[in-house]
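Take a look at the structure below.
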Amino acid sequence: MLDNTEAGAAAATRLAEGAALHSTIDVADPDDWLTLDAGVREVAWYWHRPLALPAWERCAPLPADLTQLDEPRLALALCHPDGRIRQEALSSSVRHPGLLPLVVIRCADWAEPVRELARDLLRQALDVDSALDLAPLILRVARRDRGAAGADILGRTLRQASHEQLAVLFTAPDRIVRRFAYRLAIEGRLLRPVELARAAAHDQDTVVQDLCATVALSSVADGHPYEDVLVPLLSARNPRTRSAGVTALRRAGRSGQAEPFLSDRSALVRACARYVVRQQGGDPAAWYRKRCAAPEDPGLPPGAVIGLAECGERADAGLLRPLLVHPAAGVRARAVAGLRVLDCTDVKRLLPLLDDPAASVVRETVLALLPSAEELPADWLLERTRPERPRHVRLGAFRLLDARGGVVALRTAVGLLEDSDIKVRTWAAQSVQRWRPSPGERRGDVEVEGLLDRCGHLFSDHVLRRRKWEAGVGG
């Protein structure tokens with residue numbers, strides 16, 4: 001696959017040989033226009049090399065009068081390294097509406113006469129329909145030095161757009177375009193609060209989420225119906241929007257509805273729910289304790305378990321320990337995490353969970369045991385790195401042995417260099433490469449020399465000699 005420079009140079013060559021613009025690049029793709037612009041200069045810059053420009057000159061020398069150029073060759077002139085040619089080409093471009101994207105690019109040109117002319121042409125040519133099509137490119141160019149004027153022209157044009165016209169940009173794949181469109185819609189009061197709430201709930205961009213949620217929630221303070229605004233926010237998949245909705249419950253006089261969110265899967269939402277519950281005189285810790293006091297409850301939400309640790313006391317570890325054997329993996333994982341948060345990690349109680357069938361439980365167990373890695377039974381952990389063990393078990397044991405350091409860590413990593421999983425092999429190789437002898441470890445260990453020789457391909461000769469010298473082996 002060609003990189004951008006090569007693709008742009010190839011497109012420039014095809015245009016110079018007479019190919020049509022629409023058959024050379026995707027005219028609807030902003031990246032293709034930017035690549036072409038850079039590619040023309042790339043070809044021209046390396047004119048002395050056996051690249052495309054000699055063919056360009058043979059096939060399409062630029063005439064003195066650029067008005068004679070057809071669209072493909074005028075496109076090349078608009079990207080030409082010589083600013084005088086770019087400026088003259090701009091004057092001729094008004095006859096070719098299809099070249100308006102290159103006029104947009106020239107709005108950020110380094111040469112002042114070129115960019116000023118390009119901006120004047122863009123103001124004259126841009127209408128709502130063309131602005132909708134060119135918005136992604138204009139906003140891409142606006143990120144460059146001297147490119148902000150294009151965004152200003154776009155904004156003035158799109159302020160004349162209707163709600164239906166502007167809505168085309170609300171689903172644009174480029175988040176910068178969506179942000180721009182929503183700001184214009186909010187400024188022009190084109191969106192109802194419920195529409196803003198739905199946008200906050202469904203858009204994947206955090207800036208759009210915050211922008212739309214903030215404006216939508218201001219309507220609650222102004223007396224807008226609760227159901228229209230808060231319901232979409234509270235049911236949003238993204239935590240930022242849910243947390244905004246939960247916080248707004250207090251202002252809407254519905255603090256009691258924050259209680260179910262105390263067990264939300266998001267720590268941010270749980271924290272907001274605790275704030276709202278406390279403001280109405282409730283006790284979140286007591287709510288969590290009541291939920292966690294029934295370890296046999298199959299419907300216990302994992303969020304309630306970690307929520308207890310987030311606002312509870314060390315004495316609450318007594319409620320979390322029975323949950324280490326709960327049938328739901330999510331509850332077991334949060335119980336381990338909760339004990340770590342409360343600084344009540346019990347190594348003997350947690351060690352068996354390294355064999356848990358759920359990867360999430362093993363991950364949390366490893367995090368809890370890492371501070372105690374040097375105290376763990378090395379042989380027991382090493383046996384769990386054997387090929388027949390599940391991948392997540394091998395990884396958990398490997399992380400703990402790697403944190404332990406010394407010859408045990410090197411032995412484990414070298415053994416996993418032939419693991420069936422490529423990620424495990426990669427992490428093992430990285431562990432070997434960063435290995436150093438432990439300060440209190442005996443020097444001159446023959447096993448260390450053999451292990452380093454087995455993985456010598458991971459080092460240069462100099463680094464391998466250095467490692468052996470540090471370990472006191474290899475002469």
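Please read all numbers here as calculations on a predicted model, not as lab measurements.
Without hydrogens or angle criteria, R115 side chain to W110 main chain gives a donor-acceptor distance under 3.5 Å. T214 places a side-chain N or O within 3.5 Å of a backbone atom of D210 that can act as its donor or acceptor partner. Between the side chain of H326 and the main chain of D297, a donor-acceptor pair closer than 3.5 Å is present. A side-chain donor-acceptor contact under 3.5 Å links R384 to the backbone of W380. With hydrogens and angles disregarded, no donor-acceptor distance shorter than 3.5 Å links the side chain of T365 to the backbone of L350.
R404 is linked by a salt bridge (charged side-chain N to carboxylate O under 4.0 Å, His left out) to nothing, counting only residues two or more places apart in sequence or in another chain. With sequence neighbours left out, the side-chain contact (heavy atoms from CB on, under 4.5 Å) criterion links D29 to D26, D31, D32. Residues passing the side-chain hydrogen bond (donor to acceptor under 3.5 Å, both in side chains) test with R363: none are found, sequence neighbours excluded. Listed by chain and residue number, V366, L367, R399, L400, A403 satisfy the side-chain contact (heavy atoms from CB on, under 4.5 Å) test with L370 (two or more places apart in sequence, or in another chain). In terms of the side-chain contact (heavy atoms from CB on, under 4.5 Å) criterion, residue partners of Q257 (sequence neighbours excluded) are, by chain and number, Y226, L249, R254. Applying the salt bridge (charged side-chain N to carboxylate O under 4.0 Å, His left out) test to R466 and every residue at least two apart in sequence or in another chain returns E470. Taking the side-chain contact (heavy atoms from CB on, under 4.5 Å) definition, one finds that E296 meets it with A294, sequence neighbours left out. E112 pairs by the salt bridge (charged side-chain N to carboxylate O under 4.0 Å, His left out) definition with nothing, not counting sequence neighbours. For R146, there are no salt bridge (charged side-chain N to carboxylate O under 4.0 Å, His left out) partners, not counting sequence neighbours. Among residues two or more places apart in sequence or in another chain, the side-chain hydrogen bond (donor to acceptor under 3.5 Å, both in side chains) test is passed with E116 by R119.
Here the side chains of R242 and D264 are in contact, with some heavy-atom distance below 4.5 Å.
Separation of atoms CG (D356) and CD (E364) is listed at 11.5 Å; rounding is to 0.5 Å. Here the straight-line distance linking atom CG of L184 with atom CZ of R179 works out to 14.5 Å at 0.5 Å rounding. Between L300 atom CG and L323 atom CG the span is 6.0 Å, to the nearest 0.5 Å. Atom OG of S266 and atom CZ of F261 lie 11.5 Å apart (nearest 0.5 Å). Rounding to the nearest 0.5 Å places CD1 of I105 at 11.0 Å from CD1 of I138. The structure places SG of C107 at 11.5 Å from CZ of R144, a figure rounded to the nearest 0.5 Å.
With hydrogens and angles left out, the side-chain atoms of D133 and S130 include no donor and acceptor closer than 3.5 Å.
Residue pairs meeting the side chain to side chain donor-acceptor pair (under 3.5 Å) criterion with at least one member in residues 184-197, sequence neighbours excluded, are R159-E187, H163-E195. Listed by first and then second residue, the side chain to side chain donor-acceptor pair (under 3.5 Å) pairs involving residues 308-317 are R270-E310, R274-E310, R289-D316 (not counting sequence neighbours).
Under a cut-off of 6.0 angstrom, the local environment of CZ in R175 is sparse, with at most 12 non-hydrogen atoms contributed by other residues, nucleotides or ligands.
Exactly one of D421, D419, T412 qualifies for a side-chain hydrogen bond (donor to acceptor under 3.5 Å, both in side chains) with R394. That residue is D419. Only one option out of D120, L121, L117 pairs with V103 in a side chain to side chain contact (heavy atoms under 4.5 Å, CB included); it is L121. Evaluated for a side-chain hydrogen bond (donor to acceptor under 3.5 Å, both in side chains) with D203, the options R178, Q209, R198 yield exactly one hit, R178.
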